[in-house]
Amino acid sequence: MNYRRMIQYVLMVLMALFLGAFLLLPVFTVVRTGCDLSLFKELLLSPVCREGLLNSLLVAVTTTAMVAVISLVLALLYDRFEFAGKEYCSLLMLLPMILPPFVGALGFQQILGHYGVVNTILVSCGMERVDFLGGQGKFFSVCLIEALHLFPIFYLNLITALGNIDPALDEAGANLGASRWQRFVRIRLPLLRSGFLAGGSIVLVWSFTELGTPLMFGYNRVMPVQVFNGLNELESNPLPYALVVVMLTVSALLYALMKYLLRTDGANSAVKGSMGSRGTQLHSWKRFLPTLVFLLVALASILPHLALIGAAFSVRWYNTVLPEHFTLEHFDNALSNPLVLPSIVNSLRYSALAMLIAVVLGVLAALMVSRWKLRGAWALDVLTMLPLAIPGLVIAFGYLGMTGRYAWARAMFDPVANPLWLLAIAYAVRRIPYVVRAVSSGLEQTPEELENAARNFGAGPVRTLVKVTLPLVAANLLVGALFAFSFSMLEVSDSLILAQKSIFYPITKALMELSQILGSGPASACAFGVWAMVFLALTLASAGILLGRKIGAIFKF
């Protein structure tokens, strides 16, 4: 083995050790603490815990079903037809992702509240008010806002899968006399299984373990909120650990079930079309119909954002359809609050460090798999994708358990003294998959002969990497870095659990605290949320322009 190869294997071992310490060990800590038969018996006998698990499953299944319907219709329209404004539609579908759903819940309360927009319209039409945010209404409100936030992930994966289908297969079916419906059921749907699995798995696990949205709606009868509410009793009551183990187990079973139901064989795997997918050209007024569908879905998905903006600027929005008397006072209150400016600085520090860690590790992992072809690199690739399958709440809870159980972890990452490195590493581990997939996509599309030519002219491996490889995948690397930074800025689970002192609060924890202040607190939180929304919108717009429809590859397992 030559010296260069030895260095590559050393880097792979070091990266495996890092992921073992900060991905597998937190999960092991949770499992080790929570795997107690007496605790599981207590959970099974507790009607509150059983109800929480059942409600979480219902939220996940309902949300995923809603997302699947929305995404499939949009993806088929996009792939099937050429219509006005098509080039902007995928970018338009990124709009719901410019705000975490729990922040959008602030705006949604203005729409669905007892004296909100919808009830005002119902009363004006002579109907009774509906309690959307009470009782069973909370369940559907949580599902709806999560579906409106998560459908872009499913949609982008379906678009990517449709782009990999050879149009000759559909033409062959038509030549054999198959109707359009038969071709859709027998050809397209089986070939879309990879897209359904990639997008559906993320949505299913995400919605099952989502903490912020039900917490903001006061929907406490779900397992993530029950875990969060048990944080204050960890030293005397290990039951929350058992709850987290149950969440992890159910998440794994949900993913395994979906993988089984959507399993593919060689005959049903997607094949890349040699001609590319060409849509039917629509003419006259018909070319605006798909555009209208996209616009209506986009409008529905950004209603929470629009309501957030309205609440941030309005003096009074009570029992009216539109806000009354606009003001900038809420923005002044938000910026003058002692939580806000420090939280922005904290989030910038945490997220910049997380982005640096994710980029370094993500580039190394992509090179090991796509270029260096190291023995065992496939296992490292799987390991880097695990954060997409492991709920963020489980990882965050694992970090908290590590600092309580292991002296070395407490000495290095005390969440009370200073959670800088703890939060930065937690954010980075969750975002490594985005960087790996983005860079791997760029490497797969870059001819390796260019790097070989550089080496033939005497360039060393480091010089070749810096001067040839990285510039060729610069756009992909930038997209991965943007995603790592922006989603770290608005991370929910890690922030709510690991930031325990107000001086260390990141943006999302400060938003949660602001929203719970009586009086002007919710309006100030809305104003603060608008700043966060603008920031992430610019980031996603940049990523969408750089990658276009290929951006869906970032969200694949």
Practice item. Could you give me the CA-CA distance, side-chain angles and deciding distance for Cys526 and Phe313, then say whether side chain to side chain contact (heavy atoms under 4.5 Å, CB included) is met? Key: CA-CA 9 Å; Cys526 289; Phe313 282 99; over 6 Å; no

Practice item. Verify side chain to side chain contact (heavy atoms under 4.5 Å, CB included) between Ser495 and Tyr350, making sure each step is shown before the conclusion. Key: CA-CA 10 Å; Ser495 301; Tyr350 303 150; over 6 Å; no

Exercise for review: Test side chain to side chain donor-acceptor pair (under 3.5 Å) on Tyr219 and Thr213 and set out the steps.
Suggested key: CA-CA 8 Å; Tyr219 189 51; Thr213 305; over 6 Å; no

Point to revise | Residues Ile70, Met93; criterion side chain to side chain contact (heavy atoms under 4.5 Å, CB included); working and verdict | key: CA-CA 11 Å; Ile70 297 171; Met93 292 299 98; over 6 Å; no

Point to revise | CA sep, side-chain torsions, deciding dist, call: Leu514, Val340, side chain to side chain contact (heavy atoms under 4.5 Å, CB included) | key: CA-CA 9 Å; Leu514 271 179; Val340 171; 3.8 Å; yes

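The backbone N or O of Leu423 sits nowhere less than 3.5 Å from a side-chain atom of Asp494 that would complete a donor-acceptor pair. Looking only at distances, a side-chain donor or acceptor of Tyr399 sits under 3.5 Å from a matching main-chain atom of Phe22. Looking at Ser343, its side chain never comes within 3.5 Å of a backbone N or O of Ala510 through a donor-acceptor pair. Judged by distance alone, with hydrogens and angles left aside, the side-chain atoms of Ser351 form no donor-acceptor pair with the main-chain N or O of Leu348 at under 3.5 Å. At least one donor-acceptor pair closer than 3.5 Å links the side chain of Ser71 to the backbone N or O of Phe151. Gln226 contributes a side-chain N or O that, together with a main-chain N or O of Val48, makes up a donor-acceptor pair within less than 3.5 Å. In terms of modelled atom types and a separation under 3.5 Å, the side chain of Lys509 and the main chain of Phe504 share no donor-acceptor contact.
You'll find the side chain of Trp206 reaches within 4.5 Å of the side chain of Ile153, heavy atoms only. Put simply, the side chain of Val250 reaches to within 4.5 Å of the side chain of Leu254, judged on heavy atoms. Considering only heavy atoms from C-beta on, Val435 stays 4.5 Å or farther from Arg431 through its side chain. A 4.5 Å side-chain heavy-atom check between Val225 and Phe217 finds every atom pair outside the cut-off. Side-chain atoms of Ser515 and Met216, non-hydrogen and from C-beta on, do get closer than 4.5 Å to each other. Counting only heavy atoms from C-beta outward, the side chains of Pro214 and Glu146 approach each other to under 4.5 Å.
Across all their heavy atoms, Ala334 and Ser524 have their closest contact at CB-O, 3.5 Å. The two residues Leu243 and Cys49 make their nearest non-hydrogen contact at CD2-SG, 4.1 Å. A pairwise comparison of heavy atoms in Ala424 and Ala354 identifies O-CB, 3.3 Å as the closest pair. The shortest non-hydrogen separation linking Ile497 to Ala396 is CD1-CB, 4.0 Å. Listed here is the closest heavy atom pair of Leu248 and Val27: CD2-CG1, 3.4 Å. Of all non-hydrogen atoms in Val245 and Val31, the two that sit nearest each other are CG2-CA, 3.7 Å.
How far OG1 of Thr209 is from CG of Leu204: 9.5 Å, rounded to the nearest 0.5 Å. Note that the OH atom of Tyr505 and the CG atom of Leu511 stand 12.5 Å from one another [nearest 0.5 Å]. To the nearest 0.5 Å, atom CG of residue Leu150 and atom SG of residue Cys143 are 11.0 Å apart. Interatomic distance, CD1 of Ile121 versus CZ of Arg129, reported as 11.5 Å (0.5 Å rounding). Distance check, rounded to the nearest 0.5 Å: CG of Leu420 to CD1 of Ile425 gives 9.0 Å. To the nearest 0.5 Å, the span separating NZ on Lys86 from CG on Leu77 amounts to 10.0 Å.
For the salt bridge (charged side-chain N to carboxylate O under 4.0 Å, His left out) condition, the pairs that include at least one residue of residues 48-75, sequence neighbours left out, are Glu51-Arg221.
Checked against Met223 for a side chain to side chain contact (heavy atoms under 4.5 Å, CB included), the options Leu393, Leu211, Val246 give a single hit: Val246. Of the candidates Ser207, Pro224, Ser251, Ser56 forms a side chain to side chain contact (heavy atoms under 4.5 Å, CB included) with just one, namely Pro224.
Remark: Tyr115 pairs with Tyr318 by the ring pair (Phe, Tyr, Trp, His ring centres under 6.0 Å) rule, at least two apart or across chains. Looking at residues two or more places apart in sequence or on another chain, you find a side chain to side chain contact (heavy atoms under 4.5 Å, CB included) between Leu144 and Met66, Phe108, Leu148. In terms of the side chain to side chain contact (heavy atoms under 4.5 Å, CB included) criterion, residue partners of Val130 (sequence neighbours excluded) are, by chain and number, Asn119, Leu122, Phe132.
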Extract all donor-acceptor atom pairs below 3.5 Å that involve side chains of residues 57-64 and protein atoms in other chains or at least two apart in sequence.
{"from": "Thr62", "atom 1": "OG1", "to": "Leu58", "atom 2": "O", "distance (Å)": "2.7"}
{"from": "Thr63", "atom 1": "OG1", "to": "Val59", "atom 2": "O", "distance (Å)": "2.7"}
{"from": "Thr64", "atom 1": "OG1", "to": "Ala60", "atom 2": "O", "distance (Å)": "2.7"}

Taking only distance into account, with no hydrogens and no angle test, what donor-acceptor pairs under 3.5 Å do side-chain atoms of residues 294-301 form with protein atoms, sequence neighbours excluded?
{"from": "Ser301", "atom 1": "OG", "to": "Val297", "atom 2": "O", "distance (Å)": "3.3"}
{"from": "Ser301", "atom 1": "OG", "to": "Ala298", "atom 2": "O", "distance (Å)": "2.8"}

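For Phe154 and Phe196, the ring centers are positioned less than 6.0 Å apart.
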